[in-house]
Amino acid sequence: MNQRAAILSLITPAYLWLALTILLPLSAMLYYSFLSDVPIGNREVSWTTENYRTFFEKAFYSELMLRSFKLGAEVTSICLLLGFPCALALAKSIRGRTKEALFLLIILPFWSNALVRIFSWTMVLRGNGILEYSINWLLPGTGPLDLMFTYPAILLGLVHSYLPYMILTCYISIDAIDNQLLEAARSLGAGKLTILFRLIVPLALPGIVAGSFLIFIPVIGSFMEPRLLGGRNGTFIGTIIEDQFTAVFNWPLGAALSFIMMGLVLLILFGFSPLVRRLK
Amino acid sequence: MKLRVFLKFFSCQWLIVLILGGSFISAAEIRVLNWQGYGTDESWALEMFKERTGIEVVHDYFNSEQEMLTKLRTNPGVYDVVLINSAYTGQAAKEGLIEAIDTTGMVNVGDLSPSMRNDPKLVADGKTYGVAWVWGVTSFAIDRGDFKNAPNSIEALWDPSHAGRVGWRDDAVEAVQLAAIALGQDINNPSDLKAIRKKLRALKPQIRTFWSSEDEWNQFFSANEFDLATYWSGSASRSKNAFGLPVEFILPKEGAIGWLDGLSIPMNVPNRNEAKAFINFMIDPDFYVKWDTEVGAPTSANAKAVSMLPPDAFNRTTFSDSKKVANVQFMGPMEDGLREKIVELWQETKAYFQN
Amino acid sequence: MANVSVLNLSKNFGTITALDRVSFQFEDGKFFALLGPSGSGKTTLLRMIAGFESPDQGSIHIDGKVVDHIPVEKRDIGMVFQNYALFPNMDVQANVGFGLRVRGISVPEMKRLVAEALELVRLSGFDNRRPDQLSGGQRQRVALARAIVTKPRVLLLDEPLSALDRTLRLEMEIELKRIQRDVGITTIFVTHDQEEALTMSDQIGILNEGQLVQHGSPVDIYENPQSIFVARFLGEANLLRGQAAGKNVKLEIGGTVQTLSKPAYPQVICSIRPEKISIQKEQELQRSNANRIAGRVNEHIFNGTSLTYLVQCGNLVVKVFVQNLSGEVIPPNSSVHLFFRPEDTLVFPDA
Amino acid sequence: MIFLKWISRIYLICILLFLYVPILVMIALSFNESQLYRIPIEWSTRWYEALASNSKLHSATLNSLTVALLSTCLSTSMGTAVALAFFRHDFRAKRLLQVMIFPPITIPWLIIGTAMLVFFFWVGIGRGLHAMILGHVALSLPYVVIVVSARLKSFDSALEDAAKSLGASYWQTTFWVTVPWLMPGIIAAALFAFAVSLDQFVISYFLAAPGFTTLPVEIYTAIRKGFTPEINAISTLVIFLSMLLLLGVSRFYRFGGRN
């Protein structure tokens, strides 16, 4: 078997597929982002950079972009704070069948529809909803909580959706740490906190970084959760882009906004690349 | 040798199945594009229609007029009937998305009130591009439990005592037009967009959430998320009749947005005759009376159908009162440039005042 | 079964030279050991003969035919890997039968051949065990059976015994040799263990830094190392620095010794194996025409069959092996004389 | 130590409760009589009865499963091939190609979905089952490559050398030795791909043809246009089915520990 032929036959199908579904569509989008209108039907279109200019001329676009990145950073941090201890507990203090069962239980929510989960949160959070109802039943006279349609409600929904990613990636890298290493550290007199911060966290860094990217990127582009849980406070760059495609049908502007967002994501990835490279 | 014979035989069989299946489907099925829950997809109505004509009806839905237009543009030859707000009929015709309808043989067309049948938004150069179906108004509805006296002004939406308790539809054109009404401007050509911008900004703290469908409206309303919310007249009667919600639709003294919905046939329609039969059925009094009394509907463009409603029906009493309807401004076609400005204005408003 | 010969093989990995113009002939039916420290290129040479690596220069012949462009799977070789590389998803029968299955041999024939091979390695009845249900030695036998069941032209062994404990290793050494003799297959064996190489092979090739430094029969190499490297790598050697004068060498630690041949260079190192030296107490001193150096016993190590003395001679510690004939031990600090024959005193140039 | 053990257990239980709140709510509300999700809950199986005769949801579910199954097969086989190529071979474009695998996860789905819509419409691929499969496969490919590569890290390439030394060709080695060894990883990857596809609505929403919807698209439209507890009912059924499937798979593949 010729090496070249082997490589080609292994990778060609996948990369042809990716070219057809990712590369060419993104190029088409890039092309659209420089058009004055969607070239469908009998419309006249011309080349323009107006769609990009709009972003810089109207302050609210950049404000929303910033708001989305802030949301992404917050959701990622909360997921890390909640998920890492969970992964640690699962990987290092639980054994055997229980561990396996718990692991299954954690990945199982992935299998329920994300939309239904978000919708269920609206049932929990909304006025006269399950949370208010149960709290008023336990502590009568607490009154309305007014959690629905607030920024914390969006945070809650997104953290819920993306927490399993962080637990999974952290779990995988913590589980790979040899127990003998930790025992060696203890035999040398290291305390629990020293072991955690000087040994486990650095060794689990690849998992933490992977989990953070897997969460941060989809969150800044999210639109369903803010829409359903955010109400008046649910306008982000993601919802604006979705509007351009599904409600307003200004595809060129939507494409331009998407490319600006993608550019910023790439900039951030680029900024982190020294760290990522060090991990390899 | 044998394999080839077998393949031939096999492919022949498939061909037969395809031809039979194809003709079977095309003879008995039409595709309708509409808002969800807006008359054409009532299951009892489709059964009634199938009983009469043997035609099966399949639905596809849209969330906004722009989405409807895009669906027509990107799916030529797929839909047989489409509901178009008359404000957009002219644009659709100009773009070549819909065809002129030959109404001969559609018996119920004769019963349409002439002003709507011949509305210039639906008819161009003597050619009918949309058959007038129903009309209604957009203003707002209140939760009767939250008000001692029903307000009679659109300013109720801006009333600080209901801050954070207002539901608003997430639609740029509607939002700007309601603000225009509050400011006494022409809804189709607002004279002062700056004033509208200010008015909408003042509105933002009032808003609890945005709604996008009738069902969502009902759910938020029943969860007591808002005291009052923008709404459609036909939907308000449905919320009252079908869901028993304490809703009262308000026609404010400043006026309201009026709309006329027509049914059109897309260009390259697969089943023209069946589509025409369906449109004819949709303006039939038999269908309309049942729809309005049992479910709740906007007002029919068919004068005969309206007159067959019970004497106390909302659609008969309110809209026959010419004084009340006098202030209603009907939506007309809008220039692309203006619409773009309006969309941006609305998005800026949505981004404004968030926690 | 076949001759294997390599001609002028060179291979670089980046800036590292793994093999440097190695030529060698492996004769039909013989057992060869490739011996060398880690990084000497022995495994590279083996993998090149197998076909896993291709040489940068030179060529490989099997049965007189160039096989450079024949891929591994067509070379008709058998190979046993360091960790055996048994397929974990197959039982013993499937593992051993793998090569036969690949060659499209019918099932009954395959079963017969597998049974034969398992009998040869004395593992009959283990057909349906999985690799993880076998002990180290059993896995080793399965790997061997798998490698020879296809009757390959060459059998390649990549440190096959290094994963076994000592007793098992000794047992397998004998077993391996027996099987090789029974089958009569040309066998090339890579190891870094000199004892293994000495006991098992017909021929040894010693590699250092990518070069084949010496080859020959075990006795020949042991007795006549051609470099200090070989002398030290195969067995042990005491090295004494000195200056040559005719057949005499004047040692740095004092005294003069005779050699058999006349060294061609003034600065030399003499190498004497510890077992070629006899040790005698000062008071028992006898006259002898053998070379003699004086020293003082530092310590002794007793291991039953023999004794090892560490003797301080000047600034040098000389090692001496003595067979335990009398059960007597020379106590530390005794003054002693060490005797060795001129023919056991090998001289090498002092670099 | 015992103390820490209990703290970590209690913490795990809290996290699990948090993860399951919406699912339990979803299940509870599927048995609620009120169409407007009013509480307290009046028990009723009416939505399950309605479900039994809702042919639209049936066909949407069937479509979802078809798309998920087909795209899982395609993405698992192609992704495994790519992972194998990266593992076995070194070639010039490898770094670039490795990076090129990731856009489907590193670009928000919204952008990819709309880009596909634009492009497919432009070149005449259009929308429908085939378009959805095109999209879903692209989305699950990176997951497959990651999961399979992770398992390959512990693969001893001496196994492949052994197979070759025994005369197995490249593809025989692949299919008789490497793939069987990789199977747990491949199954895990397939599960991932299946879950990604089953849950995917953004891409489906843009690529679904009129009249051909998948369950998530149906749910999405329902949430925005008319949501009844029937959706809860079908989601409840789906999650129970998934649970059974996962439990079945876990008999063959150990999820928690290393293999």
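As the structure is a computational prediction, the values presented were derived from the model and not from experiment. Convention: sequence-line order gives letters A, B, ...; per-chain numbering from 1. Reckoned from all heavy atoms, side chains included, excluding hydrogens, waters and symmetry mates.
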Tell me which of these, R47(C), Q82(C), R101(C), M79(C), has more heavy-atom pairs under 4.5 Å with chain D than the rest.
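Sorted descending by pairs with chain D, the first entry is R101(C).
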Residue, of G99(C), A50(C), G78(C), G51(C), that accumulates the most heavy atom pairs under 4.5 Å with chain D
G99(C)
What are the two closest non-hydrogen atoms of [X] and [Y], and how far apart are they?
| X | Y | value |
| --- | --- | --- |
| L113(C) | V149(C) | O-CG2, 3.6 Å |
| S54(C) | K11(C) | O-NZ, 2.8 Å |
| E218(D) | L57(D) | CG-CD2, 3.5 Å |

Distance under 6.0 Å and angle within 45° of the ring axis: does R146(C) meet both against F87(C)?
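Output yes; distance and angle both within limits.
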L156(C) portion near chain D, given a 4.5 angstrom heavy-atom threshold:
neither
Heavy-atom contact with chain D under 4.5 Å, split by part of R75(C):
neither
So which of M183(D), Q172(D), E160(D) has the biggest tally of heavy-atom pairs under 4.5 Å with chain C?
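Of the options given, most contacts go to Q172(D).
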Quick check: are there more than 12 heavy atoms from other residues, nucleotides or ligands sitting under 6.0 Å from CD of Q133(C)?
yes
